[in-house]
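Worksheet for the structure shown next.
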Amino acid sequence: YCRPLLVKLFPKIIKGDTIPHRKMVPEKKPTIVFMGTPDFAVPALEGLAGEGYDVVAVYTRPDAPSGRGRNLTASPVKHRAESLRLAVRQPGSLRSPEELERLADLQPDLVVVAAYGLILPSPVLAIPRLGCINIHASLLPRYRGASPVAAAIAAGDRFSGVSIMKMDKGIDTGDVYTRAQTPIFAHDTTGSLTGRLAIIGAALTLDVLPQILSGTIKPHPQPTDNVSYAPMLTKKAGLIDWSEPAEVIWRRIRALQPWPGATTRWGDRPIKLLETIPLNIPADKPPGTIVTGNPDMAVPWAVSTGAGLLGIVRLQSAGKRPATGAEFLRGQRNLIGSIFN
């Protein structure tokens with residue numbers, strides 16, 4: 001369903017994504033404020049700028065410490081906004097009278113939000129003439145909250161998607177203008193699926209924006225059933241519980257990539273699990289026991305779980321480079337029979 005313009009703007013779009021045909025931008029350019037922070041928000045910002053919308057300011061989170069040196073690092077949105085020569089603002093909060101006045105002085109027709117990372121208080125929602133819309137990476141009302149992509153993968157959902165929502169004072173509870181879906185493939189991680197959803201979200205925003213600005217589309221209330229909430233992930237969420245079934249652990253490991261990562265311990269050594277596969281082999285050892293896997297599948301060793309074996313394809317020991325399961329096994333003669341905990 002790739003349209004020629006989308007292929008030009010976003011050549012890496014995945015076959016199978018559902019994206020409606022986009023409309024032409026109205027002649028009169030409205031004023032738009034964009035709010036976003038991570039990579040997910042960048043395609044939408046690029047799309048707005050590329051289509052000639054008047055983005056009068058880009059709001060993003062303040063520079064934050066990153067890496068081993070804890071140096072202050074700008075967000076992906078800030079980097080892209082500066083390269084597009086757009087005005088950047090980085091308030092720590094939007095609740096002060098001074099920040100509310102600065103936003104109101106821009107006289108925006110619309111605020112477009114994509115994973116900004118700050119809650120918009122009610123006074124902010126009331127400033128734009130047409131309100132605020134949010135590009136949310138789930139098929140609302142499923143997975144409101146901060147981690148919808150990881151939640152969909154961990155739950156084993158067949159599809160994920162993007163919803164364009166009119167924001168209200170609740171957390172992702174606003175009425176929905178439109179949405180589009182994409183399959184969740186067996187190889188998808190939160191990183192890969194988020195990247196695909198970012199492109200879909202950008203395309204969907206460009207499609208519906210002219211209708212929102214002209215008032216020719218009205219949002220619909222979210223259904224009251226199938227409502228779920230996906231809270232923000234923490235580092236503690238990365239610790240694997242081997243008493244769970246192999247398929248559940250496999251989905252969780254994919255959901256935790258790239259952050260916070262799935263971890264276990266081998267003795268006193270932290271191990272990060274990068275890629276695994278559930279094997280069609282019953283588990284006959286206690287959960288966490290490392291056993292011989294399936295050499296025919298290039299998975300020479302596996303871990304016993306609460307139901308079935310989980311083959312280890314790639315992993316990373318603390319202070320070491322990532323390695324395949326076979327490479328790790330060659331370096332650890334006492335691996336088989338030992339315990340992950």
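Between the E244 side chain and the A307 main chain, no donor and acceptor come within less than 3.5 Å of each other. Between the side chain of R89 and the main chain of R102, a donor-acceptor pair closer than 3.5 Å is present. At distances below 3.5 Å, at least one donor-acceptor pair connects side-chain atoms of T324 with backbone N or O atoms of E327.
Donor-acceptor pairing under 3.5 Å is lacking for the side chains of S304 and W242. One side chain, D157 or Y143, offers a donor N or O that lies under 3.5 Å from an acceptor on the other. In summary, the side chains of T31 and D54 do not present any donor paired with an acceptor at a separation below 3.5 Å, with no hydrogens or angles considered. Side-chain contact, N71 with S66: no donor N or O sits under 3.5 Å from an acceptor N or O. A side-chain donor-acceptor contact under 3.5 Å links T182 and R196. Side-chain contact check for Q90 and D63: at least one donor-acceptor pair (N or O, by modelled atom type) lies under 3.5 Å.
Counting heavy-atom neighbours within 6.0 Å of R85 CZ, excluding the residue itself, gives a total of 12 or less. Open room surrounds CD on Q107; 12 or fewer heavy atoms of other groups in view lie less than 6.0 Å from it.
Residues T263 and I240 have side chains not in contact (no heavy-atom distance under 4.5 Å, counting atoms from C-beta outward). Side-chain contact between V162 and L197 is present, with heavy atoms from C-beta onward closer than 4.5 Å.
Other members of the cluster containing L120 are V33, M35, V56, Y59, L94, L100, L103, L106, V111, V113, Y116, L118, V124, L125, I127, L140, M165, M167, V176, with ILVMFWY side chains joined at under 4.5 Å, either directly or via other members.
Pairing each heavy atom of H136 with each of G145, the nearest pair is CE1-O, 3.4 Å.
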Problem set entry | Step-by-step side chain to side chain donor-acceptor pair (under 3.5 Å) determination, S75 to T60 | CA-CA 7 Å; S75 73; T60 190; 2.7 Å; yes
